[in-house]
2 protein chains.
Amino acid sequence: MPNQNTPSHRVTSFEVAERAGVNQSTVSRALSGDSSITDATREKVRRAADELGYRVDARAARLRSGKTRTLAIVVITKPDIEATQINPFHYNLLGSVCAAASEKGYQSLVSFQSVEEQFYGDFVETRQADGVILIGTSTNDAAWAHHRALLEREDVASWGSPYVDHRRVDSDNRAGARMAVERLLAAGHRDLVFIGDTRQTQPQFRERFASFSDATREAGIDGGKAIFEDGETRGQQGRRSARTLIDSGRGFDGIFCSCDAMAFGALEVLRESGVDVPRDVGVIGFDGLGSGAHSSPPLTTVEPDFARAGVLLVDTALGLTKSGERRRAPVRLVERASVRTAT
Amino acid sequence: MPNQNTPSHRVTSFEVAERAGVNQSTVSRALSGDSSITDATREKVRRAADELGYRVDARAARLRSGKTRTLAIVVITKPDIEATQINPFHYNLLGSVCAAASEKGYQSLVSFQSVEEQFYGDFVETRQADGVILIGTSTNDAAWAHHRALLEREDVASWGSPYVDHRRVDSDNRAGARMAVERLLAAGHRDLVFIGDTRQTQPQFRERFASFSDATREAGIDGGKAIFEDGETRGQQGRRSARTLIDSGRGFDGIFCSCDAMAFGALEVLRESGVDVPRDVGVIGFDGLGSGAHSSPPLTTVEPDFARAGVLLVDTALGLTKSGERRRAPVRLVERASVRTAT
DNA sequence: CTGAAAGCGCTTACAG
DNA sequence: CTGAAAGCGCTTACAG
């Protein structure tokens with residue numbers, strides 16, 4: 001049972017050394033697992049440390065060793081929103097990154113950044129981390145602009161960045177869009193529409209649209225232009241886009257949404273307009289949000305392999321990836337109820 | 001423009017001192033904002049630092065100053081689940097805690113812990129943090145058991161812990177349950193049922209049930225016993241509980257669910273059983289999950305003030321709360337569509 | 001296999 | 001207002 005000593009006094013390795021009858025450097029070696037230390041000595045040191053309630057001071061150890069064993073994770077959010085309004089996708093990614101970092105023996109220093117005063121990315125320079133990972137909404141231009149220089153660095157990885165292509169990690173957007181189109185075709189749908197934000201700054205959505213266009217063209221179908229109406233939230237964008245689509249008079253029986261959050265909004269408008277999903281129209285989203293299981297109807301979606309995404313992000317920030325390695329998390333189709341059974 | 005010098009060389013405060021023509025201690029004071037330094041000196045030092053691309057080494061600064069300015073946040077999850085399966089409530093809380101910590105000038109060291117090998121709470125002992133905050137699922141007994149001793153400490157705060165009452169932060173469960181009952185009554189419902197996990201280890205759900213019972217009794221209604229069936233996930237528990245309720249033959253026209261995740265499951269079963277929500281039965285959840293906006297029907301729920309919850313957790317871990325202060329985040333009713341308009 | 005010494009890069013009394 | 005010195009608590013060559 002650890003003896004806590006005087007609570008106000010921090011016991012150092014010198015005191016452990018004294019009690020164990022060894023040199024302070026031996027304490028350090030014994031406790032850090034140095035293989036040159038004999039079992040007997042290590043045991044003696046361990047006991048002394050336990051009795052004194054000694055723990056290595058991580059700050060001192062890291063200063064001396066020059067390592068941090070920490071990864072900084074920056075989650076970019078929109079200004080003025082509550083934690084409940086953050087797209088669950090970013091939380092899922094955050095969880096996956098923390099898990100992957102932990103798996104590699106790294107700690108995660110997390111910060112949510114939305115406004116100027118919070119923008120901070122100098123974790124490596126100030127020796128707080130060995131690398132930084134940027135994730136979050138691609139709609140906060142100021143935040144990404146602030147971190148733009150960072151994105152070029154070898155010890156930085158990002159997801160959702162509107163810039164840079166070579167160090168950006170992402171879902172396999174092309175494969176995902178193709179899966180969606182194929183699933184819609186299999187259900188007998190032919191008039192397919194893409195709803196999503198393909199503005200210049202959104203590489204991932206542009207990739208999804210490009211692949212959607214390719215896949216429809218190959219099937220002898222005209223997928224047409226992407227439908228998108230701006231709005232405060234992805235949900236509102238989905239609602240407005242679906243409304244525009246309906247009002248346009250353009251015939252459609254299948255929708256591929258660039259992300260689940262927009263799909264939820266679209267689903268609402270479709271229902272309000274008396275369109276039966278999946279009978280009249282099939283809808284497929286992208287992101288694999290867990291809440292899609294409870295939407296009305298439950299949303300069929302393209303889900304990235306989050307665990308793999310976390311590993312890709314961590315490996316990239318740590319410089320562990322082979323050059324030329326593809327930074328795309330594989331995707332799979334999660335079948336729920338927004339597309340009718342294949343005919 | 002910062003001159004990066006030789007990339008492999010880390011520039012120290014000594015070099016900045018030399019270039020600025022001052023003592024190294026003056027560099028430290030100037031850069032840390034010490035008020036005794038004149039503006040002219042500070043400016044001179046700043047310029048030299050910028051030119052050399054100098055940044056203070058946080059490890060050294062913290063070691064010397066004895067501070068960490070860091071809070072450790074432990075998120076307890078269930079073993080063997082993906083990041084997408086974690087209850088969004090915990091993510092929302094995590095985001096709120098990080099925001100509150102940042103607001104107070106603290107960094108957040110985050111770890112997700114689900115299995116034995118990951119259990120670690122010695123952040124203060126190893127001088128990695130000034131306090132620790134434990135949140136996450138209350139269903140991982142092994143994790144909470146491991147951290148049990150921690151929970152008694154002054155520098156530790158928790159949410160969702162099955163143990164200890166005095167330092168546990170939580171929603172104002174009693175007020176929330178009362179709001180739910182009153183809303184159900186206002187819609188004209190009289191046969192109210194509580195669905196939720198009231199087993200010994202879940203203080204928050206027991207509080208919600210106790211208050212539900214009080215409020216129904218005061219209204220001259222017999223709220224009866226809590227309905228609960230176990231299951232792998234909250235969603236499955238909600239499904240099974242709703243099924244049991246229906247099969248029991250007990251008449252009901254209003255349901256208060258102990259958490260949104262269970263309410264989603266219940267909603268599904270109700271729909272499958274041809275029960276119309278909100279016409280035949282009103283349903284209210286607890287937690288304020290954002291995805292409730294897309295459920296079928298959208299879920300009326302009791303939402304805690306997340307921002308306040310984050311502040312309470314941080315203040316508690318930092319010892320900033322006045323003794324005797326109530327650690328309950330205020331709640332409000334988010335009106336959606338699972339309860340009909342008040343009559 | 002272990003000891004003695006140096007030093008990581010800062011902050012902070014202590015002087016003046 | 002600034003300088004000179006000490007020292008936070010470790011890790012790691014360098015010896016033997």
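Keep in mind the model is a prediction, meaning the values are calculated, not measured. Heavy atoms only: backbone and side chains are in, while hydrogens, waters and symmetry mates are out.
- In B/Q85, the CD atom is crowded: over 12 heavy atoms of neighbouring residues, nucleotides or ligands sit closer than 6.0 Å.
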Can you give me every donor-acceptor pair (side chain of residues 99-110 of chain B, partner residue at least two apart or in another chain, under 3.5 Å) with its distance?
residue, atom, partner, partner atom, Å
B/K104, NZ, B/D315, OD1, 3.0
B/Q107, NE2, A/Q128, OE1, 2.5

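- Under the 6.0 Å cut-off for aromatic ring centres, B/F306 and B/F89 qualify, their centroids lying closer than that.
- With 3.5 Å as the limit, one finds no donor-acceptor pair spanning the side chains of B/D34 and B/S32.
- Between the side chains of B/Q113 and B/H146, not a single donor N or O lies within less than 3.5 Å of an accepting N or O.
- B/E82 CD: more than 12 foreign heavy atoms inside a 6.0 Å radius.
- Atom CG in A/L63 sits about 17 Å away from atom P in D/dG7, given to the nearest Å.
- By the 6.0 Å contact criterion, CD on A/E154 is open, its count of non-hydrogen atoms from other residues, nucleotides or ligands being 12 or less.
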Let me have a per-nucleotide readout for nucleotides 10-16 of chain D, 5' to 3', with B, S or -, counting only protein heavy atoms under 4.0 Å.
-> BBBBB--
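- When the C1' atom of D/dG9 is taken as reference, atom CD of B/E125 falls 17 Å away, rounded to whole Å.
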Let me have DNA chain C in dot-bracket notation, would you? Count Watson-Crick plus G-U wobble pairs, both distances under 3.5 Å, and use [ ] for pairs crossing earlier ones and | for inter-strand partners.
-> |||.||||||||.|||
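- For the residue pair B/D130/B/T68, the side-chain donor-acceptor check at 3.5 Å is satisfied.
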